[in-house]
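To start, the structure under review is shown below, and the notes come after it.
Chain naming here is simple, since letters A, B, ... match the order of the sequence lines and numbering starts at 1 in each.
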Amino acid sequence: MNIQRFIAPTAREALAKARAVFGDETVILFNRPSAQGVEVIATVEESLAAFEPRPTVEKNKSERSVPTPANTNRSSSYKEVASKVEEDATQLAMSTLSFQDYVRERMARKRHEASAAVTTPTDAGVEPQKKRARGVSFNAVPTEPHHSSAIPTAVAGVKKSLPSSAFASEAAPSIASELQAMKDLMQERFDTLTWLGQAQQSPVKTNIMLKFIRSGYSPALAREVVAQMPAELAMPDATHWSMEVLKCNLKISPSEIALHEEGGVFALMGPTGVGKTTLAAKLAGLCARLYGPASVGLITLDTYRVGAQEQLRAYGKMLGVVAHIAHDRPALQDLLGLLAGKKMVLLDTTGLAPRDPRKREMLDLLNLPDVKHLLVLNAGAHGETLDDVINAFKAPKSQQVVFSKVDEAAKLGPVIDAAIRYQLTVRAVTTGQRVPEDVEAANAEKLIRASMRNASTSAAFDAKPSDLGLFFNQSSTFQLNTSL
Amino acid sequence: MLEIAPHQASGLLKIKNTHATRFIAIVKHADAEFELPLLWRLCASLVELGHTVTVLDTTTAESHTQPGLEQLLDNDFFHAIANFQAQGWNIIPAATGLQTLAALAQQQAQALHCLNQLFADAGIVVVYGPSDCLNTLFAHHRIHPLLAVAAARKYLLSSYGALKHLLLHGGLKPLIVNVTQGVFAANKDPAPDMLAALSKCVQTFLGYEAKIAHTSVQLASPDAGQTLQALALRILEDALTLERAAPIFTPHVHRHETDYLEGSF
């Protein structure tokens with residue numbers, strides 16, 4: 001079954017595109033507004049011919065005409081469509097009863113609207129439904145003649161011109177929400193069918209999508225990359241192209257200067273246990289190695305965690321660097337003034353959960369000029385956890401991040417995915433526990449290769465090709481740069 | 001990568017010069033009523049932070065019963081047995097010894113070098129003395145002596161005099177800290193705006209903007225520990241760090257009787 005999606009600024013152009021592909025035998029299955037204008041899902045009529053119902057219901061092909069959305073004489077063809085879609089959906093282990101009924105209801109309502117346009121306001125106009133869509137109560141439609149006599153003529157005249165959605169919402173607010181739910185369900189089903197169609201046509205894209213999912217990238221990013229992939233690429237070239245796109249979109253420090261060489265005041269932030277204190281010691285060690293212990297300043301704001309000050313002080317003592325403590329903003333500002341002549345000053349902060357109420361207080365404390373925020377992300381964290389952290393520690397200026405514990409991460413896909421989607425600048429990665437050796441500048445190519453190299457070793461979490469249909473997502477909300 | 005280090009921060013130990021000694025200077029300008037309690041509390045904070053502290057008390061002279069710097073300079077044997085690292089806190093009388101050192105050293109830098117050699121393993125050396133003594137040792141070095149002031153009028157003149165002497169003769173810019181509470185409190189000729197008055201005098205007559213610690217130290221307060229710790233870290237940050245170098249000057253004054261060996265410090 002060949003189902004394709006067409007996007008254009010207007011519905012007319014989208015339909016024109018569909019007809020350009022499928023010709024006069026175009027069948028419009030679904031349309032909706034999208035960010036780029038209008039999105040239309042269409043197929044070819046001969047595909048529908050395969051949806052002949054099992055009981056032999058002979059159709060006179062000569063009676064068939066080019067279907068248009070305004071043509072209401074296709075109740076039998078739509079039944080065929082619904083039944084065929086039901087078959088496909090059954091293969092995908094989806095329940096389609098509601099979809100089937102919904103299609104019937106939509107067609108019935110269209111017939112009602114068409115007839116109501118030429119009848120008097122007192123005319124019922126609505127054929128009694130033999131079956132109702134699950135969850136939709138058409139009993140709420142005010143069609144009883146004895147009620148209509150009480151309706152003022154002006155109001156009735158307005159009522160008959162109302163669009164169907166307003167008509168439904170007027171009847172019962174729940175109907176509108178349920179209709180929206182049905183619409184979303186149908187949209188999702190058609191998206192899945194579109195994907196299946198594309199997958200059948202392009203095994204390369206399917207394999208690339210599977211590779212992305214297995215590497216831990218989000219379905220949204222994977223789909224965005226695959227959607228823009230040139231169609232003529234073979235598998236090796238497609239893999240290389242995909243990796244180049246990821247590399248192009250993963251922001252690394254443009255100047256390629258390491259943190260300890262760049263210098264400045266850095267506040268290390270992030271949730272608990274990501275390695276902020278150890279990272280501070282590593283950066284201090286690297287700076288001291290290059291410029292001497294006198295070039296480094298250490299300040300801890302962590303007065304909560306047991307042993308936090310002692311830990312940083314121990315590292316400082318080994319380095320010959322004093323680790324100061326700041327309890328409040330005046331103390332912090334005073335210390336920053338004291339350490340103004342240092343090459344690098346590192347502020348170690350308390351680890352805070354994304355929803356910790358103290359987070360706002362800490363962000364306000366660190367909202368000082370010349371203090372650069374460095375968000376530390378655990379490279380092995382789950383994608384949604386990373387999203388929470390990034391949203392919680394959002395900085396007004398461009399966000400700089402460090403990937404910690406890269407050596408412990410089973411998959412690097414989630415953290416790289418988050419960095420791409422949120423346009424974060426990756427400054428460094430930590431690759432072990434050794435201080436100060438196990439930290440290095442971020443290298444996009446190296447990270448992408450490592451992420452693709454990590455094959456899933458756990459069968460329970462390994463995505464199979466048959467699962468791809470479930471990794472569907474709506475249109476992405478971020479723009480990917482694919483101009484290589 | 002495959003070698004097994006003693007601990008994860010072994011790499012840091014290669015960076016630090018383990019033989020570097022840090023010198024801290026504390027100015028004596030008034031009576032010991034508030035200076036000594038402050039000195040002891042600061043030393044205690046430094047010891048709590050894990051440092052070994054040796055105090056050179058230039059206000060106390062050495063003697064037969066209280067050997068100090070003079071004896072260290074005189075007899076290398078004392079230097080050999082003075083295992084400063086083993087003890088957390090050492091107090092050494094140094095009034096005579098410092099004068100001797102200044103007299104023998106041909107250049108001011110030699111005196112400091114000699115001290116650095118003598119106390120190479122001492123960790124932190126706190127030199128407590130008047131401004132002229134500190135100028136002898138630290139003139140034009142990157143060190144900020146700690147100058148404590150209290151809210152009494154008599155201390156305004158002495159602190160101003162000490163600051164002026166350090167600034168003009170030694171090129172040293174002290175850190176001023178306000179010490180409150182205690183027996184020297186406001187009932188004795190109080191000067192509530194002591195710091196403001198001192199700053200104004202220094203600005204007006206010396207053209208210098210005084211460097212003042214942002215928090216006052218209330219020695220009797222329960223929160224004094226936190227303030228003193230912050231102050232101790234601050235003066236440690238301002239300390240003069242000298243790395244161990246080849247000795248260029250080895251003073252030998254004269255040899256004493258071996259009964260000096262019985263003295264302990």
(request) Using non-hydrogen atoms and a 4.5 Å limit, figure out which bit of A:E437 sits close to chain B: side chain, backbone, both or neither. (result) side chain
(message) Heavy-atom cut-off 4.5 Å, strictly under: side chain, backbone, both or neither for A:A331 against chain B?
(response) both
(message) Below 4.5 Å, heavy-atom pairs only: which of B:G50, B:A213, B:A239 has the largest tally toward chain A?
(response) B:G50
(message) Check this for me, if you would: do A:R305 and A:D302 make a salt bridge, where the nitrogen-to-carboxylate-oxygen distance has to be below 4.0 angstrom?
(response) yes
(request) With a 4.5 angstrom heavy-atom cut-off, could you sort out which part of A:L335 is near chain B: side chain, backbone, both or neither? (result) neither
(request) Let me know which of B:T241, B:V53, B:L242 forms a side-chain contact (heavy atoms from CB on, under 4.5 Å) with B:R22. (result) B:T241
(request) Flag the pair A:R329 / A:L368 as yes when at least one side-chain heavy-atom distance between them is below 4.5 Å, and no otherwise. (result) yes
(request) Give me the one residue out of A:E262, A:E261, A:E440 that meets salt bridge (charged side-chain N to carboxylate O under 4.0 Å, His left out) with A:R427. (result) A:E262
(request) Can you tell which part of A:R313 gets under 4.5 Å to a heavy atom of chain B, answering side chain, backbone, both or neither? (result) side chain
(message) Whether A:D334 and B:R234 form a salt bridge (side-chain N of Lys/Arg under 4.0 Å from carboxylate O of Asp/Glu) is what I want to check.
(response) yes
